[in-house]
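In what follows, a single structure is set out as structure tokens and then discussed.
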Amino acid sequence: MTMTLPGEDKGKLIRQIASYSTLGLEMGLSVAVGAIIGYYLDKWLDTGPWFLIIFLIFGAIAGFRSLYRALKRLERENKEDR
Amino acid sequence: MEHKSFVVVDAIPLLNQLPHHVANAIVVIVLLMIIAYLGTRGLRKDTKRYFVPEAKLTFRTAGEMIVEGILKLVKDNMGPRGPEFMMIIGALALFIFTSNVLGLIPGFHSPTETLNTTAACAITVFCFTHYYGIREHGIKYLKQFTGPIIWLAPLMIPIELIGHLVRPVSLSIRLFGNIFGDHYVAGVVFGLVPFLLPLPMMVLGLFVAVVQTLVFLLLSMAYFAGALEGHEHEEQEG
């Protein structure tokens, strides 16, 4: 893409703002969702704090994974622009 | 300061037995149905007029403008396959936007002010995402949960599962939080100084209503597009 119309550019900007402004909430919530899953698995199987700890870590990994993916997507979009 | 605020739906029989957000959601749905009926009324009489646009601004031309706007948004974001998703995206757009704006009229509450309504919208998007994914790729769709290497699957499945479960939660909480927070702030400011000061808050409310509708739509479109692309795309991404 060598030339972009102003309208096109604005639409892309709005799309990028929308998709990257969600990252913070998504990262926090993935830890929370992991913790909830672990808590209820523990309650169901009566296995102490183990599932809570394991799923807390999974949740944190999932959060960083979504961050990583967003970065990859940003990189690709920037490459397309040039 | 304990007094009940007046709500219009309390005055309507049958609707006053329902919780406020359900009653207001019914108001929104009836409103949209009336607009849709008025917009298409002339078309049913003779089909020749179907192709000729009207010169003046009528219910029909206004409706066409709205639908074309949504169609353009869907096409811009999802490419040529976008119109397939027009049904669900369009329905969500009209419902959420009307709900958000309804809260600015005195005597009405936004249905989206309650987590129940927004969760209903987000869970619909979640179910449709996986329905479209399975329809597109068949059973292979489930392969995207196991990741690229098969012996890493026990590690990848919980991570992917959490990643997918977060989507409806974040969608619903974002919409609910923004609308509820905005109305709460406007209410507090109105309680402090009811003259002129709530005005900026209400302008902000209008802005939030538009932006949050757009964010909800853009994210659901991104999820649908991700379900269509499937796991080949994931491997490229690394």
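Order of the sequence lines fixes the chain letters, A, B, ..., with proteins taken first and strands second; residue numbering starts at 1 for each chain. Atoms considered below: every heavy atom in the structure, side chains included; atoms not considered: hydrogens, waters and symmetry mates.
- In this structure, OG on A/S21 lies 7.5 Å from CG on B/L219, to the nearest 0.5 angstrom.
- Expressed to the nearest 0.5 Å, how far CZ of A/F55 lies from CD1 of B/I159 amounts to 10.0 Å.
- Under a cut-off of 6.0 angstrom, the local environment of CD1 in B/I139 is sparse, with at most 12 non-hydrogen atoms contributed by other residues, nucleotides or ligands.
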List the steps and the verdict of side chain to side chain contact (heavy atoms under 4.5 Å, CB included) for B/L165 and A/I37. CA-CA 10 Å; B/L165 283 175; A/I37 292 172; 3.9 Å; yes
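- Here the side chains of B/L155 and A/I61 are not in contact, with every heavy-atom distance at 4.5 Å or above.
- Within 6.0 Å of OH in B/Y184 there are 12 or fewer heavy atoms belonging to other residues, nucleotides or ligands.
- Heavy atoms of other residues, nucleotides or ligands lying less than 6.0 angstrom from CZ of B/F145 number more than 12.
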Run the salt bridge (charged side-chain N to carboxylate O under 4.0 Å, His left out) check on A/E26 and B/R167 step by step: do they pass? CA-CA 8 Å; A/E26 215 157 276; B/R167 289 169 171 189; 5.9 Å; no
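- Contact of A/L29 with chain B is made through backbone and side chain together, with heavy-atom distances under 4.5 Å.
- In this structure, B/E160 CD and A/F58 CZ are separated by 12.0 Å, a value rounded to the nearest 0.5 Å.
- Of the listed residues (B/G163, B/A222, B/P158), the greatest number of heavy-atom pairs within a distance under 4.5 Å of chain A belongs to B/P158.
- Proximity to chain B (any heavy atom under 4.5 Å) is shown, for A/S30, by both the backbone and the side chain.
- Looking at B/L214, the atoms closer than 4.5 Å to chain A (heavy atoms on both sides) all sit in the side chain, from C-beta outward.
- With salt bridges taken as basic N to acidic carboxylate O contacts below 4.0 Å, none links A/R73 and B/E229.
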